[in-house]
Amino acid sequence: MEPHGPTCPGSVLFGCELTASTKSYTFQVDEEDDSDHILALSVVCLSDGAKDECNVVEVIGRNHENQEIAVPVANLKLSCQPLLSLNNFKLQPPVTFRLAAGSGPVQLTGWHRIMHREDASFEEDDDLSEEDEEELPSIMPAKK
């Protein structure tokens with residue numbers, strides 16, 4: 001039986017909970033770490049004890065101009081949408097999750113993927129240089 005989720009050794013399970021008393025959570029990594037980190041969110045869902053109210057979850061990160069930006073990613077309500085699949089929505093740390101409306105509790109789950117830089121350089125070494133490339137045969141038109 002195959003395990004669910006990523007199977008590479010550089011992936012670990014991630015989870016946090018947002019509540020009325022803990023409205024935000026920041027995911028960050030050591031800046032001196034020589035690895036690339038990606039947080040892939042899988043599911044945002046209401047937990048036991050949630051009220052039937054709108055619970056809006058925002059992601060606060062940085063845009064391409066390095067300016068802080070807040071984006072709502074989920075609006076959950078117990079009676080109509082208690083769970084949302086985010087299909088491994090990828091974020092680069094540091095990133096903050098905030099319960100912008102509602103009292104929760106809201107669970108966020110996903111995978112923290114760690115790519116060691118020496119792994120990335122190994123992949124680059126596998127690429128063929130221009131001198132080693134063989135010429136590809138030309139593509140012939142399809143016969144009708």
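Keep in mind it's a predicted model, so treat the numbers as computed, not measured.
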side-chain contact (heavy atoms from CB on, under 4.5 Å) for V106 and L76? Distances and angles first, verdict last. CA-CA 9 Å; V106 177; L76 305 174; 4.2 Å; yes

side-chain contact (heavy atoms from CB on, under 4.5 Å) between Q92 and R62, worked out: CA-CA 9 Å; Q92 188 171 9; R62 300 227 167 250; over 6 Å; no

Spatial distance of atom CD (Q81) from atom SG (C45) [nearest 0.5 Å]: 11.5 Å

Rounded distance (nearest 0.5 Å) linking atom CZ of R113 with atom OG of S35: 15.5 Å

Check for a donor-acceptor pair, side chain of N55 on one end and backbone N or O of N75 on the other, with a separation under 3.5 Å. no

For residues [X] and [Y]: do they belong to one hydrophobic cluster (side chain heavy atoms under 4.5 Å, members Ile, Leu, Val, Met, Phe, Trp, Tyr)?
{"X": "I69", "Y": "I60", "answer": "no"}
{"X": "V43", "Y": "V57", "answer": "no"}
{"X": "V29", "Y": "V59", "answer": "yes"}
{"X": "L18", "Y": "F89", "answer": "yes"}
{"X": "L91", "Y": "W111", "answer": "no"}

side-chain contact (heavy atoms from CB on, under 4.5 Å), that's the test. Do T109 and L13 meet it? Break it down for me. CA-CA 8 Å; T109 60; L13 190 60; 5.6 Å; no

Hits for side chain to side chain contact (heavy atoms under 4.5 Å, CB included) against C16, two or more places apart or cross-chain, chain-then-number order -> F14, Y25, F97, L108

Of all residues at least two apart in sequence or in a different chain, which pass the side chain to side chain contact (heavy atoms under 4.5 Å, CB included) check with L78? L46, D52, P82

Check ring pair (Phe, Tyr, Trp, His ring centres under 6.0 Å) between H112 and all other residues, then give those that pass, not counting sequence neighbours. F27, H37

Between L86 and V73 the two heavy atoms that sit nearest each other are CD2-O, 4.2 Å

Nearest heavy atoms of G49 and P105, plus distance in Å: C-CD, 4.0 Å

Any non-hydrogen side-chain atom of N88 less than 4.5 Å from a side-chain atom of L41? no

L83 and V44, any side-chain heavy atoms less than 4.5 Å apart: no

I would like to know whether S47 and E17 meet side-chain contact (heavy atoms from CB on, under 4.5 Å); could you show each step before the answer? CA-CA 9 Å; S47 298; E17 182 178 68; 4.0 Å; yes

K23 atom NZ, over 12 foreign heavy atoms within 6.0 Å: yes

Might you confirm whether atom CD of E53 has over 12 heavy atoms from other residues, nucleotides or ligands at distances under 6.0 Å? yes

